[in-house]
Structures are given as structure tokens and as C-alpha cells.
Amino acid sequence: MCGIVGIVGKGQVNHDLYNALTVLQHRGQDAAGIVTCDGDKLNLRKSNGLVRDVFRQEHMNRLSGNMGIAHVRYPTAGTSSSAEAQPMYVNSPFGICLAHNGNLTNDEKLNEDLFRADRRHINTSSDSEVLLNVFAHELQEASSLRLDVEDVFKAVSNVHERAIGAYAVVAMIIGYGIVGFRDPNGIRPVCYGRRETDKGPEFMIASESVALDVLGFELIGDIEPGEAVYIESNGKIHKQQCARNPKHNPCIFEHVYLARPDSVIDQVSVYKARLKMGEKLADKILRHKPDHDIDVVIPIPDTSCTAALPMAHRLGVKYREGLVKNRYIGRTFIMPGQEERKKSVRRKLNTIELEFRDKVVLLVDDSIVRGTTSKQIVQMAREAGARKVYLACASPPVRHPNVYGIDMPAVSEFAAHGHTEAEIAEQIGVDWLIYQDLEDLEACALGVNDKISRFDTSVFDGEYVAGGIDESYLKRIESLRNDQAKSQESAVEMELIEIHNQS
């Protein structure tokens with residue numbers, strides 16, 4: 001889960017790219033980067049940290065140019081090192097910068113092919129660098145001295161033939177333009193829009209429509225699965241389907257947790273989908289506990305607030321925001337390492353005691369992955385005087401690893417791994433726990449866009465829409481990306497920083 005942006009403008013685009021990244025900050029807190037093109041010169045700034053910390057005024061002053069791409073990173077492949085911050089650059093052909101959201105599942109094979117057949121060297125463990133070099137090689141094979149529109153589309157078609165997994169991409173070709181493309185299953189989101197100016201139209205590609213809204217761009221539409229949109233530096237726009245057998249299988253977890261509620265993804269309103277999640281879950285509660293004793297519904301902010309409101313209405317009880325969120329603490333789910341997540345929960349949330357004291361409280365959460373947040377919040381509710389604590393989860397139990405760009409690689413870290421719902425309830429300390437049914441969850445987002453035949457629901461059912469996933473692959477990513485591996489990587493990085501500072 002990362003955020004990507006690309007803009008072809010009529011004037012300077014640096015501040016628009018910065019503002020778009022702040023809107024997409026929820027998609028990645030680890031690193032941020034912007035690269036602009038001013039004639040045939042590239043201007044790049046990227047580093048670890050939040051957008052507001054990475055870019056100072058002196059950096060913005062140097063990011064001149066009328067087109068550029070940008071990225072906020074959330075590491076699932078590779079490490080959190082600033083060397084793997086994006087956008088990434090390769091000088092041949094033409095000079096290409098690329099930013100990527102998703103995860104390639106055949107990156108090892110691609111890396112080997114790049115070295116043996118394409119004679120390209122990969123310098124990091126990031127699959128984004130692999131994808132950049134695959135695209136660069138295919139563009140070199142498709143083009144001559146001058147780059148034509150069809151060359152771009154042919155290169156993207158060949159990327160689809162080679163790359164497996166999830167990828168939403170913006171790539172800038174120096175002196176020519178920006179291309180956005182999406183994997184043939186459309187797992188990760190990306191859309192594009194237009195803004196009229198006195199000098200002519202400007203175009204923007206972004207992970208979520210909210211970035212377009214905030215900057216005054218009118219949404220043209222989503223980049224379809226397998227499709228590429230190419231915007232030349234002069235503002236001419238082209239699009240073409242580049243995959244042989246595209247399917248609409250977007251990730252349902254975007255609607256559960258990842259995306260902002262004011263975004264529209266593949267024509268489906270995230271806000272409306274979450275409202276329906278609350279209604280469906282309330283109906284299930286009424287089937288299981290028609291004579292429930294719930295006094296109040298309290299959402300665990302922020303994502304679950306939308307679902308909790310119709311739930312309270314349908315259950316006929318009060319809705320109260322009894323947990324106050326510190327806006328200056330990031331999303332705990334996407335923090336690297338269990339210890340950091342544990343520390344952040346209490347810093348992030350505080351209770352309003354009067355909403356808990358002597359009440360039967362139904363807490364509402366969007367999902368339960370590791371159970372870290374849930375367990376501590378349940379304890380906080382009891383400390384605030386709740387008589388009973390129930391928990392309703394707007395999604396089904398997470399039982400399978402995610403391989404498409406969400407940090408859920410280690411099954412052993414899941415609260416639901418090898419446990420019944422009653423055992424999970426005991427584990428996190430609630431008096432009663434209820435999950436959304438998968439069929440109901442899918443129904444919340446189906447029926448709006450007829451092209452969507454199914455969602456990627458692999459974290460719930462273990463069915464991977466892009467294929468090619470076996471037990472050996474799952475074991476490999478678990479060994480590379482579990483919390484223990486991340487802790488070791490962090491220790492090595494800190495040691496290298498200390499050595500650098502001493503020298």
C-alpha cells in the first residue's frame with residue numbers, strides 16, 4: 001500500500017505534487033519522494049519520513065518543472081531504508097523515473113531474467129526497481145531514437161506479459177511525458193483527471209480520487225485493469241488497453257481500511273460501501289442477539305466511524321465517539337514492528353470515561369489483523385468502567401497472507417491464525433466478538449460497477465486472483481517480512497548510520 005501521483009501541467013507542478021502527497025499520506029508513512037522534469041533536467045528529492053518532514057522550502061525551490069511524479073512509501077518488499085524510497089530512476093532509454101504501488105509476486109524470477117537476458121543490474125531488494133527495469137527494457141526494445149505513442153503501449157503490453165502480481169504505476173519519460181498503468185486484475189487503485197487553466201488543460205494521475213478533488217481536477221475515470229494512459233508533455237492524452245485478458249478484481253481491503261472514505265474507486269464510493277458494512281453487520285448482530293443488551297456503539301477511529309453510525313441506528317442504541325484520536329500519531333497498522341505498534345496505541349487513543357462507565361459497550365473496528373490495537377483498546381474500555389465490552393468487526397477474520405502490497409505476510413502474527421472466534425475473543429479480552437460474513441462484505445461494494453466480477457479477498461479466503469502463489473512462496477515472504485526480520489533490518493540500518501556518523 002503506497003500512494004502515487006503524476007502531473008503534466010502548464011506551469012510549475014512541485015506544490016501540486018506536494019499537496020497531493022499530503023492527501024495520500026494515509027497510504028504510506030515510511031518515506032516520500034518527488035521528481036520533476038524541467039526540460040531535459042531531472043530534480044529529485046526523496047527520504048524517509050512523513051511528507052511534511054521530507055520537503056522543506058529549499059527542496060521545493062529546486063523541484064522546478066512542468067511535469068513530475070511523486071510517491072509515499074509503505075514498505076512491504078525490501079527494507080525501510082531511504083535507498084529504497086521512490087521514485088526510482090534509470091538512465092536508459094531516454095531516462096525514466098517510476099513510482100509503484102503494489103507487489104510483484106515473481107520479482108525473483110524477473111530479477112534473474114533482467115541480469116541474464118536483459119543485462120540490467122538491480123541495486124536494491126525493492127520490486128519497484130525490478131518493475132522499473134522491466135519497463136525500461138521493454139521500452140528500449142519497442143522504440144528507436146524517437147519515442148512514439150505506440151512504443152509506450154507496446155512496452156506496457158510486454159510488462160503485463162512478464163510481471164505477475166499487483167501494480168499501479170506512474171512513470172515519467174524525460175522529455176516525452178508520463179504514463180500510468182495498472183495490472184491486468186486491477187488489484188491496486190489508480191485514476192486520472194483533468195483541470196482547465198488559462199494556458200490549457202493539465203492532467204493528473206493518482207492512487208485515489210480524493211487527491212484529484214482536493215487539487216481541483218475533475219475525475220475522468222479509473223485506469224482500467226491492464227490499461228495504460230499516456231500524457232505527453234504538451235498535454236495530449238492517449239489511452240489503450242494493453243492486456244490480453246483483463247479482469248476487474250480490485251482489492252476489497254481498500255474499502256475496508258486502506259482508502260479514504262471520500263474516495264471513489266472503480267466507480268464504487270468507499271463511504272457508501274462502509275455504510276453498508278455497518279448495516280450488514282447490524283443485521284447479523286440482530287440475528288445472533290435479537291434481545292441484545294448493548295447500551296452504546298463506539299467506533300475505534302477513524303476508519304470504522306462510517307460503519308458504526310448506521311449500525312447504531314439499526315440496533316436502536318446511542319452512537320458515541322468515546323475514543324479520542326491524537327491526530328499527530330500515524331496509522332498503527334502500517335508501522336514497522338510489533339513493539340512500535342504497541343507503544344503507539346496508547347499514545348494514539350484516549351477514552352472519554354463518561355461514555356464507558358457502567359455501560360455495555362459495542363466497539364466497532366474495520367478489521368482485526370494482529371490484534372495489537374484491539375486488545376489494548378478493550379483494556380482501555382474496561383479501565384474506563386465499561387460493564388461489558390463487545391467488539392464488532394466490519395470484515396471477516398484475516399487468516400491468510402497478503403501478497404499484493406499490504407503488510408500482512410506472516411500468518412503466525414494474525415490474531416485469527418489457528419483460532420476459533422471464541423478463542424480470538426478470549427485472546428483480545430472481549431465478552432463477545434462478531435465478524436462480518438465475507439458474502440456480506442462483498443455485497444457492500446458489488447452492484448455499482450458491472451465490470452467487477454469479483455474482488456480480491458485473499459486475506460480472508462486464501463484465493464489469489466493473479467495466481468502463481470504456492471506454499472514455498474508464502475514461506476519465503478513470511479521469512480523476509482515478519483516482525484523479527486524487520487527488527488533485524490532496523491538494527492542493521494541503525495548500525496550503518498552510526499558507522500557513517502562516526503566516519
Side-chain angles (χ1 to χ4, degrees), residues 3-24 32-46 51 54-72 86-87 89 94-99 139 146-153 156 168-182 190-223 227-240 263:
I4 60 172
V5 185
I7 299 177
V8 176
K10 296 299 181 182
Q12 300 295 312
V13 298
N14 52 350
H15 287 96
D16 279 343
L17 289 167
Y18 175 92
N19 290 331
L21 287 187
T22 63
V23 176
L24 297 174
I34 295 175
V35 61
T36 58
C37 185
D38 193 356
D40 60 356
K41 181 188 176 186
L42 283 181
N43 305 291
L44 172 65
R45 166 65 179 170
K46 61 179 181 177
V51 175
V54 170
F55 301 101
R56 302 296 184 187
Q57 190 58 52
E58 61 267 26
H59 305 129
M60 299 303 295
N61 292 340
R62 292 196 294 267
L63 292 170
S64 59
N66 74 324
M67 70 175 182
I69 64 174
H71 185 266
V72 283
Q86 299 181 42
Y89 168 74
F94 310 111
I96 303 170
C97 298
L98 179 141
L139 196 63
R146 288 289 303 173
L147 182 69
D148 295 326
V149 173
E150 289 306 313
D151 297 335
V152 175
F153 293 139
V156 174
V169 173
V170 286
M172 180 168 66
I173 308 166
I174 298 173
Y176 289 96
I178 289 176
V179 58
F181 59 93
R182 193 177 181 194
V190 62
C191 59
Y192 65 111
R194 174 184 176 123
R195 180 174 68 184
E196 296 296 336
T197 72
D198 294 339
K199 297 179 180 179
E202 299 179 316
F203 294 92
M204 178 177 176
I205 298 169
S207 290
E208 293 183 36
S209 63
V210 63
L212 304 178
D213 297 339
V214 170
L215 273 73
F217 285 78
E218 182 180 352
L219 177 67
I220 296 174
D222 300 280
I223 296 180
E227 188 177 59
V229 172
Y230 177 45
I231 307 160
E232 296 185 72
S233 57
N234 60 12
K236 290 183 180 179
I237 185 169
H238 315 267
K239 68 175 183 175
Q240 183 173 302
S263 285

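Keep in mind it's a predicted model, so treat the numbers as computed, not measured. Values below: all heavy atoms of this structure, side chains included; hydrogens, waters and symmetry mates excluded.
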I want to check something: taking the side chain as every heavy atom from C-beta on, are [X] and [Y] in contact at a cut-off of under 4.5 Å?
X: Asp222; Y: Arg182; value: yes
X: Ile173; Y: Leu139; value: yes
X: Asn19; Y: Val23; value: no
X: Glu150; Y: Gln240; value: yes
X: Ile174; Y: Phe94; value: no
X: Met60; Y: His15; value: yes
X: Val170; Y: Val5; value: no
X: Ile205; Y: Ile231; value: yes

> What do the steps show when you test Ile4 against Ile69 for side-chain contact (heavy atoms from CB on, under 4.5 Å), and what is the final call?
Replying inline: CA-CA 7 Å; Ile4 60 172; Ile69 64 174; over 6 Å; no
Between [X] (side chain) and [Y] (backbone), is there a donor-acceptor pair under 3.5 Å?
X: Arg45; Y: His59; answer: no
X: Gln12; Y: Gly65; answer: yes
X: Lys10; Y: Glu202; answer: no
X: Ser209; Y: Ser263; answer: no

What is the minimum heavy-atom distance between [X] and [Y], and which atoms define it?
X: Ala70; Y: Ala99; value: O-CB, 4.0 Å
X: Ala228; Y: Val179; value: CB-CG2, 4.3 Å
X: Val54; Y: Ala32; value: CG1-O, 3.7 Å
X: Leu21; Y: Gly33; value: CD1-O, 3.8 Å
X: Cys191; Y: Leu219; value: CB-CD1, 3.8 Å
X: Pro87; Y: Val35; value: CG-CG1, 3.7 Å

> What residues, two or more places apart in sequence or in another chain, satisfy side-chain hydrogen bond (donor to acceptor under 3.5 Å, both in side chains) together with Asp148?
Replying inline: none
>> Tell me every residue that passes side-chain hydrogen bond (donor to acceptor under 3.5 Å, both in side chains) with Asp16, counting only those two or more places apart in sequence or in another chain.
In response: Arg195
To the closest 0.5 Å, what do you measure between [atom1] ([X]) and [atom2] ([Y])?
X: Tyr176; Y: Glu232; atom1: OH; atom2: CD; value: 10.5 Å
X: Phe153; Y: His238; atom1: CZ; atom2: NE2; value: 7.0 Å
X: Arg62; Y: Asn14; atom1: CZ; atom2: CG; value: 12.0 Å
X: Met172; Y: Ser233; atom1: CE; atom2: OG; value: 11.0 Å
X: Tyr192; Y: Ile223; atom1: OH; atom2: CD1; value: 7.0 Å
X: Met67; Y: Asn234; atom1: CE; atom2: CG; value: 10.0 Å

> Can Ile237 and Val229 be said to form a side-chain contact (heavy atoms from CB on, under 4.5 Å), step by step?
Replying inline: CA-CA 7 Å; Ile237 185 169; Val229 172; 3.9 Å; yes
> Is the count of non-hydrogen atoms from other residues, nucleotides or ligands lying under 6.0 Å from Glu196 atom CD greater than 12?
Replying inline: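 Atom CD in Glu196 is packed in, count exceeds 12.
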> Should we say atom CG of Asn61 is surrounded by more than 12 heavy atoms from elsewhere, each under 6.0 Å from it?
Replying inline: yes
> Can you tell me if Asp38 and Ser64 form a side-chain donor-acceptor pair at under 3.5 Å?
Replying inline: yes
> Passes side-chain contact (heavy atoms from CB on, under 4.5 Å), Phe203 versus Ile178? Steps please.
Replying inline: CA-CA 10 Å; Phe203 294 92; Ile178 289 176; over 6 Å; no
>> Working note: Tyr89 + Leu44, criterion side-chain contact (heavy atoms from CB on, under 4.5 Å); need CA distance, chi angles, decisive distance, verdict.
In response: CA-CA 10 Å; Tyr89 168 74; Leu44 172 65; 5.7 Å; no
